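Let me begin by presenting the structure, written as structure tokens, before commenting on it.
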Amino acid sequence: MLKTISTAALAGLITSGAAFAGMLDVHNPKMRFESVAPSLTELDAYFVRNGKPVTVDLVRQVEIGVGQDKVAALLGEPIKVTRRGNKATWDYNLKFVTADDGELVCQYKVLFGNAQQVDETVWRRPQCRELMVSRN
């Protein structure tokens, strides 16, 4: 479900930072993330989901109201762009380094409103969302 906020409403919400918590870093696996379902014999390098290496602090800079230019500067070019009128959705595969040299690749959507500014962000996996909202 996409959320639309008028400029006046957004200005009113700025004074209440807690109001933004519901629109950023949402976990919603039904948000039309692409899935692959190959048989085990079909798995090869094509199906390995690799992501752009990022840090939690870098991704946390993607906030409500940030423009497309800044998102591109922070996360690079998206792997997929979808448009409906003046609104756009950018899809990313992001890679986080975890404890013991592990890696977590996360699917991430950034939804932009009419003003080409971030309206919402969505994670496919709850583990990825938890990285952003934890107090690390």
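Keep in mind it's a predicted model, so treat the numbers as computed, not measured.
Distance check: Gln68 CD to Gln117 CD gives 9.5 Å after rounding to the nearest 0.5 Å. Taking CD of Gln107 as the reference point, atom CG of Leu94 lies at 10.0 Å (rounded to 0.5 Å). In this structure, SG on Cys106 lies 13.0 Å from CZ on Arg129, to the nearest 0.5 angstrom. Between the NZ atom of Lys87 and the CG atom of Asn114 there is a distance of 5.0 Å, given to the nearest 0.5 Å. In this structure, Arg124 CZ and Lys109 NZ are separated by 9.0 Å, a value rounded to the nearest 0.5 Å.
The closest side-chain heavy-atom distance from Asn93 to Lys52 is not below 4.5 Å. Val118 has its side chain out of reach of Glu63: every pair of non-hydrogen atoms, C-beta onward, lies at least 4.5 Å apart. Side-chain contact check for Val97 versus Pro53: every heavy-atom pair is 4.5 Å or farther apart. In this structure the side chain of Tyr108 never reaches within 4.5 angstrom of the side chain of Asp91, judged on heavy atoms.
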**Request:** Carefully, step by step, assess Thr55 and Phe96 under the rule side-chain contact (heavy atoms from CB on, under 4.5 Å).
**Result:** CA-CA 6 Å; Thr55 64; Phe96 297 93; 5.9 Å; no

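Residue Phe112 is tested with Asp119, Thr89, Asn86, Val71 for a side chain to side chain contact (heavy atoms under 4.5 Å, CB included); the sole match is Val71. Here the options are Val110, Thr121, Leu75, the test is side chain to side chain contact (heavy atoms under 4.5 Å, CB included), and the partner is Val59; only Leu75 passes. Exactly one of Asp57, Leu58, Val62 qualifies for a side chain to side chain contact (heavy atoms under 4.5 Å, CB included) with Arg60. That residue is Asp57.
Of all the heavy atoms in Gly76 and Tyr92, the pair that sits closest is O-OH, 2.8 Å. When all heavy atoms of Trp90 and Ala72 are compared, the closest pair comes out as CZ3-N, 4.0 Å. For the residue pair Val105 and Arg125, the shortest heavy atom distance occurs at O-NH1, 3.4 Å.
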